[in-house]
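Since the model is a prediction, treat every value here as computed from it, not as a measurement. Heads up: numbering here begins at 1 and tracks the sequence.
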Amino acid sequence: MSKQDAIELEGTVTEVLPNATFRVAVNETHTVLTTLGGNMRRFRIRVLAGDRVRIEVSPYDLTRGRIIFRHKN
C-alpha cells in the first residue's frame, strides 16, 4: 500500500454537522467524521441523514474521511 492509496468504505450518514461535515456509520461499531469531496461541493450534491454514501479514508487516520459518492435511494 503506497502513501497515496485510500481505503474505500460504504456507510450511512447518521448525523449532519455544520460546515459540510457528516458523521457516517460504517458498521455497528465504527463511525467516521467526514467532509464532502471536491466534486460533491462543485456540483452541489445534497447529502442528508440516512443516505448511503461511499467514503474514502486515509490508512493513517481511520476516524476521518471524505464523502466521494452518494448512492441513489
Give the intermediate values and the outcome of side-chain contact (heavy atoms from CB on, under 4.5 Å) for residues Val32 and Ile55. CA-CA 9 Å; Val32 180; Ile55 62 173; 4.1 Å; yes
Query raised in the report: Do Ile68 and Tyr60 share a hydrophobic cluster (ILVMFWY, side-chain heavy atoms under 4.5 Å, transitive)?
Result: no
Taken in chain and number order and not counting sequence neighbours, the residues that satisfy side-chain hydrogen bond (donor to acceptor under 3.5 Å, both in side chains) with Arg70 are none
Are Leu9 and Phe69 grouped together when hydrophobic residues (ILVMFWY) are joined by side-chain heavy atoms under 4.5 angstrom apart?
-> no
Interatomic distance, CD1@Ile7 vs CG@Leu62, rounded to 0.5 Å, equals 5.5 Å
One should read off an interatomic distance between Thr12 OG1 and Phe22 CZ, to the nearest 0.5 angstrom, of 13.5 Å
Heavy-atom nearest pair, Ala6 first then Pro59, reads CA-CD, 4.4 Å
For Asn39, the side-chain hydrogen bond (donor to acceptor under 3.5 Å, both in side chains) test, sequence neighbours excluded, returns none
Name every donor-acceptor pair, under 3.5 Å, that has one atom in a side chain of residues 44-54 and the other anywhere in the protein, sequence neighbours excluded.
| unit_1 | atom_1 | unit_2 | atom_2 | d |
| --- | --- | --- | --- | --- |
| Asp51 | OD1 | Asn73 | ND2 | 3.4 |
| Asp51 | OD2 | Leu48 | N | 2.9 |

Contacts satisfying salt bridge (charged side-chain N to carboxylate O under 4.0 Å, His left out) that involve residues 31-40 (not counting sequence neighbours) are none
Residues pairing under salt bridge (charged side-chain N to carboxylate O under 4.0 Å, His left out) where one sits in residues 17-40, two or more places apart or in two chains, turn out to be Glu15-Arg23
Applying side-chain contact (heavy atoms from CB on, under 4.5 Å) to Asn19 and not counting sequence neighbours gives Thr21
Does Arg41 have more than 12 heavy atoms from other residues, nucleotides or ligands lying within 6.0 Å of its CZ? yes
- Query: In terms of hydrophobic clustering (I, L, V, M, F, W, Y; side-chain heavy atoms under 4.5 Å; direct or indirect links), are Leu33 and Val16 co-clustered?
  - Reply: no
